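This report concerns only the one structure given below.
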Amino acid sequence: MSQSESKPATASGRRGAIVALLPTLLLSVAFPLVVFNLCKSAGMSDLAAYLWAAAGPLIETVGTAIVRRHTNFVSLLILALTLVSAVVTVVGDTSPVVLLLKDSVLTGVFGLICLGSLVIGRQPLMFHFTQSFGMAGNPARAAEFERQWDTNPPFRRMFRTITAGWGAGYLLEAALKVVVALTLPFTAAFNINQVSPLVFAVVLAAWTILYVRRTKARGEERRRAAAAAAGQEAGVPSE
């Protein structure tokens, strides 16, 4: 593929990624912040405002499953966590601080699932996430992804490292949410806890991109060095 052909493809991929993120930004970030603060301004209790704000992420998850018209491990996991979050919100103690702590626990559970997938199961969680969201509707790319996992040890190591990084990141976010819930007023803590997932996701995504680029560059260097060594053994001068 020529450089001129790859640039439009890359730009199209970026636009597609941005479009794919819009439902999350609108329903899981903007919606809870706007609805919660509007409810509080209208004089609703902390619990009522929290429950109304929680509708956005639930709508996003269920809507995404309906629009995609198919389920896989990742979509089922996200749906299950969202439904569990909705249930635990109204079960047991519903005091404002406890509601925030319940949310922190679910964030920590997701981090533990990431780390647990490194030792349980054939492939780590972030491999499945990449395959599910980055290759939906492209069986050829998904098959190539599987082939790389089966035949390329550095590829496997890369995804294990990425999964470990995201798992640690989610555990750190959960700890931050606990500190915020215990030290700040409920409204301020709620607003921070709605924004923090986006902040952590952006930071982790940026780290992932840099790590993948560095890993690919090192792989190219190793291939060039191996080719040069093979050429010298065969008596072909290196360029």
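Predicted model only: the values in this text are computed from it and were never measured.
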ask   = Rounded to the nearest 0.5 Å, what separation is found between the CD1 atom of I113 and the CZ atom of F110?
value = 7.0 Å

query = Mind checking what makes salt bridge (Lys or Arg N to Asp or Glu O under 4.0 Å) contact with E220, not counting sequence neighbours?
reply = R223

inquiry  = Distance check, rounded to the nearest 0.5 Å: I162 atom CD1 versus R157 atom CZ?
reply    = 12.0 Å

For A48, side chain to side chain contact (heavy atoms under 4.5 Å, CB included) partners two or more places apart = M44, S45

message = Holding to side chain to side chain contact (heavy atoms under 4.5 Å, CB included), I want the full list of residues that pass it with T187, two or more places apart in sequence or in another chain.
response = F36, N37, K40, N191

request  = Evaluate the criterion side-chain contact (heavy atoms from CB on, under 4.5 Å) for residue pair S95 and L99; output intermediate values, then yes/no.
outcome  = CA-CA 6 Å; S95 63; L99 287 175; over 6 Å; no

P124 versus T163, closest heavy-atom pair with distance = CB-OG1, 3.2 Å

inquiry  = With clusters defined by side-chain heavy atoms of hydrophobic residues (ILVMFWY) lying less than 4.5 Å apart, directly or transitively, does V212 cluster with L204?
reply    = yes

task = Please test R160 against F127 for side-chain contact (heavy atoms from CB on, under 4.5 Å), starting from the C-alpha separation and ending with a verdict.
result = CA-CA 8 Å; R160 289 191 178 108; F127 176 91; over 6 Å; no

note = Rounded to the nearest 0.5 Å, the CG atom of N193 sits from the CZ atom of F186 at a distance of 9.0 Å

message = Going by the rule side chain to side chain contact (heavy atoms under 4.5 Å, CB included), which residues pair with V195 if we only count those two or more places apart in sequence or in a different chain?
response = L33, V199

ask   = Would you say Y211 and F159 are hydrophobically clustered, going by side-chain heavy atoms of ILVMFWY under 4.5 Å?
value = yes

ask   = Please, which pairs that meet side-chain hydrogen bond (donor to acceptor under 3.5 Å, both in side chains) have at least one residue in residues 164-181, sequence neighbours excluded?
value = D103-K177, T107-K177, W166-T208, E173-K177

request  = Drop me the distance from M126's CE to S117's OG, to the nearest 0.5 angstrom.
outcome  = 9.0 Å

message = V105 vs V178, test: side-chain contact (heavy atoms from CB on, under 4.5 Å). Steps then yes/no.
response = CA-CA 9 Å; V105 169; V178 170; over 6 Å; no

ask   = Below 4.0 angstrom, N of the basic side chain to O of the carboxylate: do R141 and E146 qualify?
value = no

key: Heavy-atom closest contact (R122 atom, W149 atom, distance)   = O-CZ2, 3.3 Å

inquiry  = Under the criterion side-chain contact (heavy atoms from CB on, under 4.5 Å), I'd like the reasoning laid out for F155 against T215: C-alpha separation, chi angles, the key distance, then a yes or no.
reply    = CA-CA 9 Å; F155 184 83; T215 301; over 6 Å; no

ask   = Considering all heavy atoms of both residues, which atom of L171 and which atom of L115 are nearest to each other, and what is their separation?
value = CD1-CD1, 3.6 Å

inquiry  = Measuring from atom CG of L101 to atom CG of L106, what distance do you get when rounded to the nearest 0.5 angstrom?
reply    = 11.5 Å

Smallest separation among heavy atoms of W52 and C39, with atom names = CB-SG, 3.9 Å

key: Residues in salt bridge (Lys or Arg N to Asp or Glu O under 4.0 Å) contact with R147, at least two apart in sequence or another chain   = E144

remark   = Heavy-atom closest pair (A189 atom, L100 atom, distance to 0.1 Å) is CB-CD1, 3.5 Å

note = Heavy-atom closest pair (G167 atom, C114 atom, distance to 0.1 Å) is CA-CB, 3.6 Å

